[in-house]
Amino acid sequence: MTVDVVCADPVFLDLTFAGLPGLPPSGGELFADDLHLSPGGAAITAIGLARLGLRAAVTAALGSDVAGRTLRELLEAEGVTCAAGEAARTPVTVVLPFAGDRAMVSYAPPPEVDRGALERLGPRAVVVALDRLEAVPAGPLVYAVVADPQAHRLAGALPRGLAAARALLANRSEAERLTGRPDPEEAALALAAHVPTAVVTCGPDGAVAASDGSVHSATAPPVEAVDTTGAGDLFTAAYVWGDLAGLPLEERLRRAVAYASLSVRVPTAAAGAAYEA
């Protein structure tokens with residue numbers, strides 16, 4: 001089996017409590033207007049890629065529990081290949097969107113990259129966390145992504161294998177922790193000293209990218225944010241799609257910003273991920 005892009009990081013079953021009047025205080029209870037079950041984590045990027053017309057796969061192992069069975073059904077319905085074996089339990093995240101942002105609580109076993117699955121799938125590209133780059137076999141284009149724990153752990157000590165990646169994508173706070181530079185453009189330039197292209201997303205302020213000493217930027221369209229969960233994952237999906245399609249950096253940056261921005265208008269990233277026109 002051959003796919004275009006493998007998302008090699010953990011996937012979650014997201015339980016999103018929509019329409020909350022606030023966030024619950026300690027010992028308190030609130031009632032949501034609705035409850036959504038949707039794929040989370042790397043599965044969001046995979047769904048975005050699939051809806052943009054690419055063959056996508058995830059290699060995170062899923063449990064035989066209710067969460068794992070539900071995730072597998074949801075992903076297969078999207079045309080996303082679930083390529084790994086079974087785990088004892090499936091990661092789950094509770095998402096609480098409120099006031100244009102969200103709070104989350106997750107259960108996640110220690111993540112691993114299934115190198116064997118990557119070799120069997122033979123993808124054109126792999127999306128993987130910054131601290132797991134060395135687990136990716138040679139051959140595919142590699143897009144490194146960042147999460148908060150990795151940004152804290154790798155601050156000022158980027159992995160040696162980063163130079164082999166095609167691009168590094170981080171949000172503004174992650175990029176600041178990695179480089180110590182509070183300005184997104186300066187952070188992107190600092191990261192681009194270690195990787196061919198560095199992209200820093202800035203939420204409603206768009207994104208910047210640095211490559212070959214030049215900085216490009218894209219502004220975000222004005223939208224009312226209902227649920228920002230997974231916007232960065234969908235940005236990655238659209239960026240990778242544009243890169244594989246041969247779009248210039250400025251154009252793929254613009255399209256990725258638009259794709260991510262439009263997704264926040266509804267609860268869950270899966271519901272907000274647009275299809276290829």
Side-chain angles (χ1 to χ4, degrees), residues 9-48 63 65-68 70-71 74-75 78 89-109 111 129 145-153 169-177 182 184 200-207 219-238 256-274:
D9 292 322
V11 300
F12 294 75
L13 180 64
D14 282 359
L15 282 66
T16 301
F17 290 79
L20 286 169
L23 296 178
S26 178
E29 181 179 14
L30 295 175
F31 289 88
D33 292 339
D34 206 348
L35 173 64
H36 304 272
L37 275 66
S38 64
I44 296 173
T45 303
I47 287 174
D65 49 14
V66 172
T70 302
L71 258 180
L74 291 170
L75 287 169
E78 293 283 349
R89 297 177 67 183
T90 303
V92 174
T93 294
V94 172
V95 183
L96 306 175
F98 177 68
D101 207 336
R102 79 284 188 267
M104 299 188 296
V105 179
S106 295
Y107 162 76
V145 294
V146 187
D148 281 345
Q150 297 149 3
H152 282 293
R153 188 167 63 254
L169 299 97
N171 67 31
R172 179 161 37 194
S173 63
E174 294 160 353
E176 179 179 351
R177 284 195 292 274
V200 179
T201 61
C202 304
D205 295 324
T219 58
V223 297
E224 182 180 353
V226 173
D227 183 2
T228 60
T229 308
D233 301 303
L234 291 178
F235 179 100
T236 298
V257 166
Y259 195 72
S261 297
L262 296 175
S263 74
V264 306
R265 299 175 297 172
V266 295
T268 81

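- With 3.5 Å as the limit, one finds a donor-acceptor pair spanning the side chains of Asp227 and Thr229.
- In this structure, Pro21 and Leu30 approach most closely via the heavy-atom pair CG-CD2, 4.2 Å.
- Nearest heavy atoms, Ala108 versus Pro91: CA-CB, 4.2 Å.
- Sorted by first and then second residue, the pairs that involve residues 92-102 and meet side-chain hydrogen bond (donor to acceptor under 3.5 Å, both in side chains), not counting sequence neighbours, are Thr93-Ser106.
- The backbone N or O of Leu234 sits nowhere less than 3.5 Å from a side-chain atom of Tyr259 that would complete a donor-acceptor pair.
- The shortest side-chain heavy-atom distance between Val264 and Pro204 does not fall under the 4.5 Å cut-off.
- Contact annotation: the side chain of Leu15 approaches that of Leu13 to within less than 4.5 Å [non-hydrogen atoms, C-beta and beyond].
- A 4.5 Å side-chain heavy-atom check between Pro97 and Thr16 finds at least one atom pair inside the cut-off.
- In this structure, the separation between OG1 on Thr268 and CG on Asp14 is 8.5 Å, given to the nearest 0.5 Å.
- Judged purely by atom type and a 3.5 angstrom limit, Thr45 uses its side chain to pair as donor or acceptor with the backbone of Asp233.
- Nearest heavy-atom pair, Ser263 versus Ala273, reported as atom, atom and distance to 0.1 Å: CB-N, 4.5 Å.
- With sequence neighbours left out, Asp65 forms a salt bridge (Lys or Arg N to Asp or Glu O under 4.0 Å) with no residue at all.
- Taking CG of Leu23 as the start and CZ of Phe98 as the end, the distance is 6.0 Å to the nearest 0.5 Å.
- Between Leu74 and Ser38, the closest heavy-atom pair is CD1-CA, 4.1 Å.
- Contact check for Arg177 versus Val146: no side-chain heavy atoms found under the 4.5 Å cut-off.
- With sequence neighbours excluded, the residues forming a side-chain contact (heavy atoms from CB on, under 4.5 Å) with Asp34 are Ala18, His36, listed by chain and number.
- Here the CZ atom belonging to Phe12 is positioned 11.0 Å from the OG1 atom belonging to Thr90, to the nearest 0.5 angstrom.
- In this structure, the side chains of Leu262 and Val223 come closer than 4.5 Å at one or more pairs of heavy atoms.
- Here the shortest heavy-atom pairing between Ser173 and Asp148 reads OG-OD1, 4.3 Å.
- Residues Ala129 and Gln150 approach most closely at CB-NE2, 3.2 Å, considering heavy atoms.
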